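Here's the structure, in structure tokens; my notes come after.
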2 protein chains.
Amino acid sequence: MNATLTALAEPNRLRIVELLRDKPRPVGEIAKRLRLCQPQVSKHLRVLSDAGLVDVRPVAQQRIYQLRSEPFNELDTWLETFRRRVSDRMDRLEDLISERKAKKEREKDHGH
Amino acid sequence: MNATLTALAEPNRLRIVELLRDKPRPVGEIAKRLRLCQPQVSKHLRVLSDAGLVDVRPVAQQRIYQLRSEPFNELDTWLETFRRRVSDRMDRLEDLISERKAKKEREKDHGH
DNA sequence: GGAGAATATACCTGTCAAGGCATATTCAAG
DNA sequence: CTTGAATATGCCTTGACAGGTATATTCTCC
């Protein structure tokens, strides 16, 4: 999970991922389209590969990179845990404040 | 989008976000639960705040931090664009290879 | 208004990662 | 087997960022 986020956090890597969203591409094409130097692209792809975000397929001297679905599914699952909770926050905040006040009252009583 | 990912990529910030998922909390409580120093927590919360991931509410000398829903919704929307595409990749890869071969044939014919 | 709690900020330091550049590797084709 | 294309890797430098510590700020309460 953290590996996925770290990999996606880098702007150029995000661009690469969004480019690969359309279809698999060889390194050179990615470099050309994003106007990046080839070594940098290879390095970014290495990071993405280590994070499990992409797969490689050799075709002649080319290496075709493609997205993998798992990390995105995991990210989606993780996001799910934020769905309803977030909409309930306001109420919970009120609860917290009430609790806090009540606690303070209790302490005050206890002190005397 | 990139701001969101960058903010979430840091392990301790991710822990903070996951802690806030349950309910809003003051700085001190976050520090205690995650066994982090208070200044570091404040700094992380600053980053999260700048990225729009959290809101603050002063209550006495405390500052109650809570998650905001927008960035998570945006992240979810972004993820949506990867849903179907990823499952189509295999076919597209085949297409790419076919195209590539066809192109090569064409070049060969043209050369002669 | 003085003391102490809760939090934010400033400064320093070390680490890590991204870019630039040169070079190694692998493969196709003549 | 030599050449050139496509890609990966190694080394170096630099900038950003996280942690540590001290200090500033803000509020409550007496």
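Naming convention: chains lettered A, B, ... in sequence-line order (proteins, then strands); numbering from 1 in each chain. In this text, all values refer to a predicted model and were calculated from it rather than measured experimentally.
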Any donor-acceptor pair under 3.5 Å joining the side chain of B/Q38 to the base of C/dA8?
yes
Protein-nucleotide distance (B/E29, atom CD; C/dT7, atom C1'), rounded to Å
15 Å
Taking atom P of C/dT9 as reference, at what distance in whole Å does atom NZ of B/K43 sit?
11 Å
Separation of C/dA18 C1' from A/L45 CG (nearest whole Å):
14 Å
With nearest nucleotide decided by heavy atoms, which residue, A/L36 or B/S42, maps closer to the 5′ end of DNA chain C?
B/S42
Taken to the nearest 0.5 Å, the spacing of B/K43 NZ from B/E10 CD works out to 12.0 Å
CD of B/Q62 versus P of D/dT28: gap in Å, rounded?
11 Å
Mind checking the CZ-NZ spacing from B/R25 to B/K32? Nearest 0.5 Å is all I need.
12.0 Å
Does A/R63 put a side-chain nitrogen or oxygen below 4.0 Å from OP1 or OP2 of C/dT26?
no
Just to confirm, is there a sub-4.0 Å distance from OP1 or OP2 of D/dG20 to any side-chain nitrogen or oxygen of B/Q40?
yes
Classify the ring geometry between A/F72 and B/W78 as parallel (under 30°), tilted (30 to 60°) or perpendicular (over 60°).
tilted
Would you kindly give the CD-to-P distance between B/Q61 and D/dA24, to the nearest whole Å?
19 Å
Can you measure A/I30 atom CD1 to D/dA6 atom P for me and round it to whole angstrom units?
14 Å
What nucleotide among D/dT7, C/dA18, C/dA28 has an atom nearest to a side-chain atom of A/E10?
C/dA18
Nearest 0.5 angstrom please: B/D76 CG to A/R83 CZ, how far?
4.0 Å
A/N2 CG to D/dA18 C1', straight-line distance once rounded to whole Å
14 Å
Counting just side-chain N and O atoms, does B/R46 come under 4.0 Å of either OP1 or OP2 of C/dA8?
no
If only side-chain N and O atoms of B/Y65 are considered, is one of them under 4.0 Å from the OP1 or OP2 phosphate oxygen of C/dA6?
no
With nearest nucleotide decided by heavy atoms, which residue, B/P39 or B/V47, maps closer to the 5′ end of DNA chain D?
B/V47
Given C/dA17, is OP1 or OP2 found less than 4.0 Å from the side-chain N or O atoms of A/H44?
no
Interatomic distance, B/L45 atom CG to B/I16 atom CD1 [nearest 0.5 angstrom]
5.0 Å
Please give, in whole Å, the distance from C/dG19 C1' to A/R13 CZ?
12 Å
